[in-house]
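All heavy atoms count here, side chains included; hydrogens, waters and symmetry mates do not. Along the sequence shown, residues are numbered consecutively beginning with 1.
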Amino acid sequence: MQFNFSDLPPFKEQGCCDSGCDCATSNLKSSTACPTCNMFGEIVSNLTVYSLSDKERRRQIDQGGDDGYSICLTPSCNTLYYLKKSIISTDQARREFHLKDSSSTHTICYCLKIDRDEIVDAVHNQKLTGMRDIMKTLKGEPPCKCEKNNPTGLCCEDEFNQIIKEAIDSYV
Ligand SMILES: [Zn+2]
């Protein structure tokens, strides 16, 4: 069976919610470098670090505080969060962070647990090209708890839409 690009509807620019939510889409650049890899990460909230850390680590974090933790975004570095010399490593986190996990099935939307392969499959096999359409068809309405669910504390909007575009481009 022969496919071509015209079989797919064009890319639909969508956010995660119909009504517009207050999910953050960017973090401030950190002014301190990761003690492990020396790269500058991004500032995340205490609530994000608390929510993503294992039980042991949680005891040391005031979830309502604002200490200025940073997330290290270097894929090969096993430090996830840092605050001065104090480190929370990827194996002290409650879930895997897709940037530091090379598996192709890694999670993109942490609120609804949608992974990269599911997004590509929804584009290729269900002919869906809008983020919100894919979310609703696969899992339902997003709860928008990105600050607690996503290791970056951010909405997955940018990455989700990028994967849709790549899936459209690879549909031949
Ligand atoms: Zn690092």
Grouping I, L, V, M, F, W and Y whenever their side-chain heavy atoms are under 4.5 Å apart, do [X] and [Y] come out in a common cluster?
{"X": "Tyr82", "Y": "Val44", "answer": "no"}
{"X": "Ile87", "Y": "Leu52", "answer": "no"}
{"X": "Leu73", "Y": "Tyr69", "answer": "yes"}
{"X": "Leu83", "Y": "Ile43", "answer": "no"}
{"X": "Phe11", "Y": "Val120", "answer": "yes"}

Checklist entry - Taking it one step at a time, do Arg116 and Glu166 satisfy salt bridge (charged side-chain N to carboxylate O under 4.0 Å, His left out)? => result CA-CA 11 Å; Arg116 177 185 288 273; Glu166 286 168 16; 3.7 Å; yes
Between [X] and [Y] (side chain of the first, backbone of the second, donor and acceptor by atom type, cut-off under 3.5 Å), is there such a pair?
{"X": "Glu159", "Y": "Cys156", "answer": "no"}
{"X": "Arg94", "Y": "Tyr50", "answer": "no"}
{"X": "Glu42", "Y": "Thr152", "answer": "no"}
{"X": "Lys100", "Y": "Leu80", "answer": "no"}
{"X": "His98", "Y": "Ile108", "answer": "no"}
{"X": "Glu118", "Y": "Asp115", "answer": "yes"}
{"X": "Arg95", "Y": "Asn149", "answer": "yes"}
{"X": "Thr137", "Y": "Ile134", "answer": "no"}

Measure the spacing between [atom1] of [X] and [atom2] of [Y] and express it to the nearest 0.5 Å.
{"X": "Thr79", "Y": "Ile88", "atom1": "OG1", "atom2": "CD1", "result": "10.0 Å"}
{"X": "Lys12", "Y": "Ile164", "atom1": "NZ", "atom2": "CD1", "result": "10.0 Å"}
{"X": "Ile163", "Y": "Cys109", "atom1": "CD1", "atom2": "SG", "result": "11.0 Å"}
{"X": "Ile71", "Y": "Ser45", "atom1": "CD1", "atom2": "OG", "result": "10.5 Å"}
{"X": "Lys139", "Y": "Lys113", "atom1": "NZ", "atom2": "NZ", "result": "8.0 Å"}
{"X": "Glu147", "Y": "Leu154", "atom1": "CD", "atom2": "CG", "result": "9.5 Å"}

Would you say [Y] and [X] are linked by a side-chain donor-acceptor pair, where the criterion is simply a distance under 3.5 Å?
{"X": "Thr48", "Y": "Ser51", "result": "no"}
{"X": "Thr32", "Y": "Ser30", "result": "yes"}
{"X": "Asp67", "Y": "Asn46", "result": "yes"}

Next on the checklist: side chain to side chain contact (heavy atoms under 4.5 Å, CB included), that's the test. Do Asp91 and Asn78 meet it? Break it down for me.
Outcome noted: CA-CA 8 Å; Asp91 55 12; Asn78 63 7; over 6 Å; no
Nearest non-hydrogen partners of [X] and [Y], listed with the distance:
{"X": "Thr129", "Y": "Ile168", "answer": "CG2-CD1, 3.7 Å"}
{"X": "Glu157", "Y": "Met131", "answer": "CA-CE, 3.6 Å"}
{"X": "Cys146", "Y": "Cys111", "answer": "N-SG, 3.6 Å"}

Item to check | His106-Phe97 aromatic ring centre distance below 6.0 Å | outcome: no
Next on the checklist: Please evaluate residues Cys16 and Cys144 with respect to the criterion side chain to side chain contact (heavy atoms under 4.5 Å, CB included), reporting the C-alpha separation (whole Å), side-chain torsions for both, the decisive distance (0.1 Å), and the verdict.
Outcome noted: CA-CA 8 Å; Cys16 57; Cys144 292; 3.9 Å; yes
Next on the checklist: Any heavy-atom pair between the side chains of Thr74 and Cys34 that's under 4.5 Å?
Outcome noted: no
Can you establish whether the number of heavy atoms outside [X] located under 6.0 Å from its atom [atom1] is more than 12?
{"X": "Glu56", "atom1": "CD", "answer": "no"}
{"X": "Lys145", "atom1": "NZ", "answer": "no"}
{"X": "Glu96", "atom1": "CD", "answer": "no"}

Checklist entry - Can you list every pair that meets ring pair (Phe, Tyr, Trp, His ring centres under 6.0 Å) and has a residue in residues 118-163, with sequence neighbours left out? => result His124-Tyr171
